[in-house]
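See structure below.
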Amino acid sequence: MVSHIKEAFLLFGVALIFVQCETDVRDGGLALPEGFKSAVVVDSISETVRHLAVTDDHIIYAKLRNANDTASVVALQDTNGDSYADIIEKFGGQGQKERWSYATAMRIYNGYIYYSSDLVVYRQKLKKGTLIPEGDIEIVLTDDHEHGKHEHIGKPIAFDNKGHMYVPFGAPSNACQQPKRTPNSPGLDPCPQLEDHAGVWRFDANKLGQTQKDGYKYASGIRSLVAMNWNPVDEELYGVMHGRDDLLRLWPDRYSAHESALLPSEEFMRITEGSHFGWPYCYYDQIKGKKVLAPEYGGDGDIVGRCSDYEDPILGFPGHWAPNDLLFYEGDQFPEHYKNGAFITFHGSTNRAPYPQSGYIVGFVPFEDGKPSGDFEVFADGFAEVDPIVNTKDAAHRPMGLAVGPDGELYISDSVKGKIWKVSYEGDKDEFGDQQLLAMEERKNRSNVRTPDVEKDNLLPKNLIGGAKIYQQYCSACHQMNGRGASGRFPPLTKTDWVTGDKERLIKVLLNGMEGSLKVGEEVYNGVMPQHRFLNDTEIAQVLTFVRSSFGNEASEINADEVEKVRKRQVESGVPIAPIQATTE
């Protein structure tokens with residue numbers, strides 16, 4: 001009898017452990033204000049996801065980051081009320097793999113889901129009660145520029161209440177230099193890229209087969225927009241711009257590593273018709289609270305000059321946080337503090353070295369009467385699961401997309417593993433106030449949010465020389481200090497034939513740069529590699545030898561004579577030097 005009782009208790013204990021493990025898996029584990037709870041909708045999706053939308057019948061649609069020939073969108077549904085998706089279906093693709101990559105939109109409008117790739121905006125008709133949209137995939141807008149893909153190619157989407165669709169066409173450069181991203185190179189003045197890039201165009205939301213020429217240029221001087229949405233309160237368009245990069249790398253005589261890590265601001269903008277925000281001539285300094293002249297146009301970090309003629313943002317966030325979605329909360333589940341305020345996902349920096357990477361949070365900006373009523377707050381943190389974040393790939397997750405469900409719950413997606421969370425409020429709304437926000441305010445002291453200390457937070461090893469020093473100055477901002485790169489943008493320098501293989505090809509990549517999408521392993525990277533022919537032959541040999549013998553690589557050295565021969569052959573050929581075209585084969 002005793003043995004049976006012991007066995008029963010043992011089985012009961014195992015059951016309790018199982019339930020606890022199940023609970024731990026389903027709990028989202030995010031740091032949130034008191035009264036909020038996060039739950040896991042799906043732990044991972046192999047193609048990973050970016051932006052989200054949720055229907056009135058609780059179906060979640062997410063754009064796949066690494067789409068394939070048969071799937072570009074995933075639909076998820078929870079049928080038993082435990083928040084976890086028990087139905088997951090993928091659809092779309094139509095054999096157009098290249099056109100589906102780099103998702104930057106997922107919106108529901110007028111009975112359709114609209115979503116995008118690098119160059120195309122699509123839509124499909126929704127049918128209530130049906131998981132997979134009916135009918136053919138329709139093409140609403142095509143980016144038909146001859147240049148094809150380029151940096152800042154994303155196509156986020158917003159809709160107003162008058163039947164218009166807004167789509168930005170990002171700048172094909174960092175700061176309108178020629179050649180691009182070259183130290184001490186001035187900017188083109190006037191910048192010709194402003195004619196049909198670096199702005200937002202307005203289109204007919206219900207018309208198919210449009211190209212940019214069918215649209216109306218609504219606003220200009222906006223380098224790169226991924227976070228963009230319509231505010232239903234003041235009926236205006238808003239966006240959070242990705243600010244320019246490389247202040248230290250391009251202008252080492254004017255900016256310190258610390259300044260380059262913090263600046264310029266990611267600008268939260270109220271985008272009105274005809275507005276101009278000053279790119280590439282100006283950038284916003286959130287520390288000084290003013291827009292200043294860019295170094296490519298004679299600026300030194302303090303001169304204002306022509307920048308007084310351009311629009312200021314409504315708020316400036318720290319540099320390189322990568323704002324990737326914007327949502328104005330209209331739900332009723334959350335406390336009144338959040339009503340009509342702005343949630344923003346900060347995907348996180350890649351180029352803050354030698355300081356810790358920053359962002360990797362969902363921020364919140366309270367609004368009153370259509371205007372910000374306070375500083376930004378940390379709403380959700382804990383995505384990265386490490387502190388400090390030294391290299392981008394150290395982060396376990398990176399917040400990407402936002403959507404509100406029909407009950408007022410907030411959904412957040414992750415681009416690293418394709419995880420999706422549901423955030424709900426379970427506290428007393430009448431009791432919510434400063435005390436409940438206190439713990440989140442304290443999270444601003446963590447390394448991924450606070451302003452880094454000039455000395456204490458500097459992660460760069462001391463007394464670097466030769467190729468190691470050159471790498472940290474010109475390469476680590478993209479490929480990271482550990483050479484592992486940044487998912488989707490900058491490829492790793494480990495375990496790839498591009499680094500350890502053909503020497504001449506590698507030398508040409510550094511001399512000429514690289515454009516297009518590059519596949520390394522099973523992942524496609526879309527970051528642009530700028531030319532580095534401003535380095536002399538010895539410097540190129542040193543840095544390439546360092547890369548080929550570091551990060552687990554064991555390839556042979558490259559000497560200055562080899563670099564000189566490649567450079568000389570290019571000059572003598574008489575063929576204009578052009579970037580190497582990447583490949584996804």
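We use all heavy atoms of the structure for the numbers below, so side chains are in, but hydrogens, waters and symmetry mates are not.
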Whether H197 and H145 hold their rings parallel, tilted or perpendicular, with breakpoints at 30° and 60°: tilted

Distance-only polar pair, side chains of D160 and Y166, donor-acceptor under 3.5 Å: yes

Between Y114 and N110, a side-chain donor and acceptor under 3.5 Å: no

Under 3.5 Å side-chain donor-acceptor pair for H51 and S413: no

Carboxylate-amine/guanidinium proximity below 4.0 Å for D414 and R65: no

Residues T104 and S116: side-chain donor-acceptor under 3.5 angstrom: yes

Side-chain ion pair, E134 and K127, N-O less than 4.0 Å: yes

K155 bridged to D118 by N-O distance under 4.0 Å: no

Carboxylate-amine/guanidinium proximity below 4.0 Å for R270 and E311: no

Heavy atoms from other residues, nucleotides or ligands near CD of E273 exceed 12 (cutoff 6.0 Å): yes

Pairing of E47 and K90 as salt bridge, 4.0 angstrom limit: yes

Donor-acceptor contact below 3.5 Å, side chain D78 vs main chain S83: yes

Output field: ring centroids W421/F383 closer than 6.0 Å: yes

Pair E235-N161, side-chain donor/acceptor within less than 3.5 Å: yes

Modelled atom types, side-chain donor and acceptor of H150 and Q193, under 3.5 Å: no

Single hit among R50, R107, R398 for salt bridge (charged side-chain N to carboxylate O under 4.0 Å, His left out) with D325: R107

Test item: side-chain donor near acceptor, W321 and S349, under 3.5 Å: no

Over 12 foreign heavy atoms within 6.0 Å of NZ, K444: yes

Non-hydrogen side-chain atoms of H276 and L194 separated by less than 4.5 Å: yes

D381 (side chain) donor-acceptor with A31 (main chain) under 3.5 angstrom: no

Sub-4.5 Å side-chain heavy-atom contact between S38 and S424: no

Heavy-atom closest contact (Y218 atom, R202 atom, distance): CE1-NH1, 3.9 Å

Separation between CD1 of I139 and CG of L208, rounded to the nearest 0.5 Å: 9.0 Å

Cation-aromatic face contact K339/F328, 6.0 Å, 45 degrees: no

Atom pair CD1 (I88) and CD1 (I45), whose distance is rounded to the nearest 0.5 Å: 6.0 Å

Min side-chain heavy-atom separation N340-Y329 under 4.5 Å: no

Residue pair F36 / P335, side-chain heavy-atom distance below 4.5 Å: yes

Backbone of E409 reached by a side-chain donor or acceptor of D407 within 3.5 Å: no

Test log, rule side-chain contact (heavy atoms from CB on, under 4.5 Å), inputs F169 and I153: CA-CA 7 Å; F169 285 73; I153 195 70; over 6 Å; no

E385 CD: over 12 foreign heavy atoms closer than 6.0 Å: yes

Under 3.5 Å donor-acceptor, N229 side chain and L326 backbone: yes

Stepwise side-chain hydrogen bond (donor to acceptor under 3.5 Å, both in side chains) check, E296 with Y281: CA-CA 8 Å; E296 289 77 12; Y281 312 119; over 6 Å; no

Electrostatic pair K180:E515 at N-O distance under 4.0 angstrom: yes

Distance in Å, Q210 CD paired with D204 CG, rounded so as to fall on 0.5 Å steps: 5.5 Å

Donor-acceptor contact present, side-chain Q333 to main-chain Y425, <3.5 Å: yes

Side-chain touch F317/E267, heavy atoms, less than 4.5 angstrom: no

F91 and Y61 aromatic ring geometry - parallel, tilted or perpendicular at 30°/60° bounds: perpendicular

R181/D245 salt bridge by N-O under 4.0 Å criterion: yes

Audit row: T392, Q480, side-chain hydrogen bond (donor to acceptor under 3.5 Å, both in side chains) steps and yes/no: CA-CA 7 Å; T392 300; Q480 305 298 286; 3.0 Å; yes

Close side-chain approach of V167 to M165, heavy-atom, < 4.5 Å: yes

F364 side chain near L327 side chain, heavy-atom distance below 4.5 Å: no

Side-chain (K417) to main-chain (A396) donor-acceptor, under 3.5 angstrom: yes

Basic-acidic side-chain contact under 4.0 Å: R489, E523: no

Donor + acceptor pair across side chains of D86, T79 (<3.5 Å): yes

T142 and D144: side chain donor to acceptor below 3.5 Å: no

L64 vs V73, side-chain contact (heavy atoms from CB on, under 4.5 Å): CA-CA, chis, key distance, verdict: CA-CA 5 Å; L64 296 176; V73 179; 5.7 Å; no

Backbone of E236 reached by a side-chain donor or acceptor of N231 within 3.5 Å: no

K393 side chain vs R484 backbone, donor-acceptor pair below 3.5 Å: yes

Donor-acceptor pair, side chain of H320 and main chain of L263, under 3.5 angstrom: yes

Minimum side-chain heavy-atom gap S358-F346 below 4.5 Å: no

Nearest atoms (heavy-atom pairs only) where N206 meets G163: ND2-O, 4.5 Å

L315 side, atom CG; D375 side, atom CG - distance, nearest 0.5 Å: 6.0 Å

Short side-chain donor-acceptor distance under 3.5 Å, N174 and H152: no

Plane angle bin for Y109 and F159 - parallel if under 30°, tilted between 30 and 60°, otherwise perpendicular: parallel

Ring-face cation of K125 near Y112 (centre distance under 6.0 Å, axis angle within 45°): yes

Donor-acceptor contact present, side-chain E266 to main-chain V240, <3.5 Å: no

Closest heavy-atom pair and its distance - D27, V40: O-CG2, 3.7 Å

Donor on one side chain, acceptor on other, E336 and Y338, under 3.5 Å: no

